[in-house]
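Before any comments, here is the structure.
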Amino acid sequence: MNYAFLFPGQGAQTVGMACELCKPLPSAAELFRKASEILGYDLLNLCCHGPANQLNATNISQPAIYVSSRAARELVKISEPDALGQVIATAGLSLGEYTALTFAGAISFEDGLRV
């Protein structure tokens, strides 16, 4: 079976996103730790607890969606380990394009975050 991954753009953010994903997956939490180090603020805390008006700000929502989407890959690695080897396409809506590029290995996680 072949797979394609489509990544969301701005507007997909919601308070509480990625919280349940990071609890059982240290690799997902590590992505948020790296992002927080680069960004200079606790991104996972904003995703989990908001406030919504802050999470909805472009400078917060875009990295939040990007890192949450990349963290979801960590769940796929555990739940469907063979799927990642069968990905034939990645795409994204707006900023989701950067997630798709990172997922495909065209740019690093850190570069995608900085863009």
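All values below were derived from every heavy atom in this structure, side-chain atoms included, with hydrogens, water molecules and symmetry-related copies excluded.
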Distance-only polar pair, side chains of Ser94 and Gln10, donor-acceptor under 3.5 Å: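 There is no such pair between these side chains.
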How long is the gap from [atom1] on [X] to [atom2] on [Y], to the nearest 0.5 Å?
{"X": "Leu101", "Y": "Thr90", "atom1": "CG", "atom2": "OG1", "answer": "6.5 Å"}
{"X": "Leu46", "Y": "Gln54", "atom1": "CG", "atom2": "CD", "answer": "5.0 Å"}
{"X": "Glu74", "Y": "Cys22", "atom1": "CD", "atom2": "SG", "answer": "9.5 Å"}

Could you pull out the closest heavy-atom pair between [X] and [Y], with the gap in Å?
{"X": "Ala64", "Y": "Cys47", "result": "CB-SG, 3.5 Å"}
{"X": "Leu43", "Y": "Ile60", "result": "CD1-O, 4.2 Å"}
{"X": "Ala100", "Y": "Gly92", "result": "CB-N, 4.1 Å"}
{"X": "Ala83", "Y": "Val76", "result": "CB-CG1, 4.3 Å"}

Report yes if the side chains of [X] and [Y] come closer than 4.5 Å at any heavy-atom pair, otherwise no.
{"X": "Ile78", "Y": "Leu25", "result": "yes"}
{"X": "Ile65", "Y": "Pro8", "result": "yes"}
{"X": "Pro63", "Y": "Leu113", "result": "yes"}
{"X": "Thr102", "Y": "Ser108", "result": "no"}
{"X": "Leu95", "Y": "Tyr66", "result": "yes"}

Going only through I, L, V, M, F, W and Y residues with side-chain contacts under 4.5 Å, is there a path from [X] to [Y]?
{"X": "Ile38", "Y": "Leu55", "answer": "yes"}
{"X": "Val87", "Y": "Met1", "answer": "yes"}
{"X": "Leu93", "Y": "Val115", "answer": "no"}

Donor-acceptor contact below 3.5 Å, side chain Asp111 vs main chain Ile107: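 No, Asp111 side chain to Ile107 backbone: no donor-acceptor pair under 3.5 Å.
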Check: Phe109 main-chain N/O paired with Tyr98 side-chain donor or acceptor under 3.5 Å: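 Checking the backbone N and O of Phe109 against the side chain of Tyr98, no donor-acceptor pair under 3.5 Å is found.
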Residue pair Glu37, Lys34: steps toward the side-chain contact (heavy atoms from CB on, under 4.5 Å) verdict: CA-CA 5 Å; Glu37 189 176 288; Lys34 283 183 187 177; 5.7 Å; no
Ring center gap for Phe103 and Phe7 short of 6.0 angstrom: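 Yes, they do, as the ring centres are separated by less than 6.0 Å.
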Residue Phe32 excluded, over 12 heavy atoms near CZ under 6.0 Å: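 Yes, because the 6.0 Å sphere around CZ of Phe32 holds more than 12 heavy atoms from other groups.
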Under-2.5 Å SG separation for cysteines Cys19, Cys48: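 Looking at Cys48 and Cys19, their sulfur gamma atoms lie closer than 2.5 Å, so the answer is yes.
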Arg73 vs Leu84, side-chain contact (heavy atoms from CB on, under 4.5 Å): CA-CA, chis, key distance, verdict: CA-CA 9 Å; Arg73 179 182 187 269; Leu84 295 179; 4.2 Å; yes
Working for side-chain contact (heavy atoms from CB on, under 4.5 Å), residues Ser36 and Leu44: CA-CA 8 Å; Ser36 294; Leu44 183 58; 5.6 Å; no
Val15 and His49: CA distance, side-chain angles, deciding distance, side-chain contact (heavy atoms from CB on, under 4.5 Å) verdict: CA-CA 6 Å; Val15 173; His49 306 291; 5.6 Å; no
